[in-house]
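In what follows, every heavy atom counts, from backbone to side chain, and hydrogens, waters and symmetry copies are set aside. Order of appearance sets the numbers: ligands from 1, and atoms from 1 within every ligand.
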Amino acid sequence: MADPEAKVAENVEGEFYVDEECIACGLCVDEAPENFAMTDSEDFAYVKKQPENEEEREQCQEALESCPVDAIGDDG
Ligand code: SF4
């Protein structure tokens with residue numbers, strides 16, 4: 001379960017977020033490339049854009065479920 005109190009600062013505002021437990025595996029960027037990105041230094045991932053349609057929402061949900069350390073949260 002991701003911690004809404006430990007969101008990384010790079011996330012855009014909104015329902016999906018990445019927290020500080022991220023281990024930078026890159027899976028969420030593969031699952032939802034429109035919505036997740038790695039930082040330039042590739043230290044961790046963050047939400048660059050909230051989902052804007054059903055396809056993106058499903059991809060974000062897939063990313064959330066695939067994250068090996070449960071670092072992705074959904075406040076929606
Ligand atoms: S899937 Fe989880 S651990 Fe991997 S980069 Fe994304 S948020 Fe980080």
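Taking atom 5 (S) of ligand 1 as the reference point, the nearest protein heavy-atom neighbour is Gly26 N, 3.2 Å. Of all protein heavy atoms, the one lying nearest to atom 8 (Fe) of ligand 1 is Cys22 SG, 2.3 Å. Scanning all protein heavy atoms for the shortest distance to atom 6 (Fe) of ligand 1 gives Cys28 SG, 2.4 Å.
In this structure, Ala32 and Cys60 approach most closely via the heavy-atom pair CB-N, 4.0 Å. Closest of all the heavy-atom pairs between Tyr17 and Asp74 is CE2-N, 3.9 Å. Closest heavy-atom contact between Asp19 and Asp3: OD2-N, 2.8 Å.
The hydrophobic clustering, which links ILVMFWY residues whose side-chain heavy atoms are closer than 4.5 Å, places Leu27 and Met38 apart.
At a heavy-atom cutoff of 4.0 Å, ligand 1 is contacted by both the backbone and the side chain of Cys25. Only the side chain of Ile72 comes within 4.0 Å of ligand 1, counting heavy atoms alone; its backbone N, CA, C and O stay farther away.
Numbered from 1 in the order shown, with element, the atoms of ligand 1 that lie under 4.0 Å from a heavy atom of Ile23 read 3 (S), 8 (Fe). Numbered from 1 in the order shown, with element, the atoms of ligand 1 that lie under 4.0 Å from a heavy atom of Val69 read 3 (S). Per-residue contacts place Cys67 under 4.0 angstrom from the following atoms of ligand 1 (heavy atoms of the residue considered): 1 (S), 2 (Fe), 3 (S), 7 (S).
The environment of CD in Glu65 is crowded: more than 12 heavy-atom neighbours from other residues, nucleotides or ligands sit within 6.0 Å.
A donor-acceptor pair under 3.5 Å links the side-chain atoms of Asn35 to the main chain of Lys49, judged by distance alone.
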